[in-house]
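Side-chain atoms are counted along with the backbone in the values below, which use heavy atoms only and exclude waters and symmetry mates. Heads up: numbering here begins at 1 and tracks the sequence. None of the values given here were measured: they were computed from a predicted structure.
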Amino acid sequence: KFSSSLSMNLTVNYNRTTNYYNDLLKPATNTSTLSSTVGMSYNFSSSITGGANFDYSKSDDMNSDQDTRRVGLNIWTNISF
């Protein structure tokens, strides 16, 4: 008989940056970023572990109307002899 365990985590971040020119009329920099990560790992036995991470982020540059989205998936396995 072996013992198994599951670990999960969730991270969410939001960042907004606004810098103005000296006249304070139009922002020189006006960006926002929202990102999240969901991760899990599972110990199948004392010698086999595995897991997965899913990442998503969205960045908006309001000055240039440019949006960037990124999606990532990482799956891993570790076998110890």
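Judged by distance alone, the side chain of Asp60 and the main-chain N or O of Met62 form no donor-acceptor pair under 3.5 Å. Side-chain N or O atoms of Asp67 include none that pairs as donor or acceptor with a backbone N or O of Lys58 at under 3.5 Å. With hydrogens and angles disregarded, no donor-acceptor distance shorter than 3.5 Å links the side chain of Asn43 to the backbone of Ser5.
Hydrophobic clustering (ILVMFWY, side-chain heavy atoms < 4.5 Å, transitive): Ile79 and Ile75 are in distinct clusters. A continuous path of ILVMFWY side-chain contacts below 4.5 Å connects Met40 to Ile48, so both sit in one hydrophobic cluster.
Between the CG atom in Asn30 and the CG atom in Asp61 there is a gap of 7.5 Å [rounded to 0.5 Å]. The CG atom of Asn19 lies 4.5 Å from the OG1 atom of Thr29; values are rounded to the nearest 0.5 Å.
Residues Trp76 and Ser41 approach most closely at CZ2-CB, 3.7 Å, considering heavy atoms. What you find for Thr18 and Arg16 is that their closest heavy atoms are OG1-NE, 3.9 Å. When all heavy atoms of Gly50 and Phe44 are compared, the closest pair comes out as N-CE1, 3.9 Å. Of all heavy-atom pairs between Lys26 and Tyr21, the closest is O-CD1, 3.2 Å.
No side-chain heavy atom of Leu10 sits under 4.5 Å from any side-chain heavy atom of Met8. Side chains of Tyr20 and Leu25 form no contact here, defined as non-hydrogen atoms less than 4.5 Å apart.
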Side-chain donor-acceptor pairs under 3.5 Å in residues 31-38, sequence neighbours left out?
residue	atom	partner	partner atom	Å
Thr33	OG1	Ser59	OG	3.4
Thr37	OG1	Asp55	OD1	3.0

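Annotation for Asp23: atom CG counts as buried by contact number, over 12 foreign heavy atoms lying within 6.0 Å.
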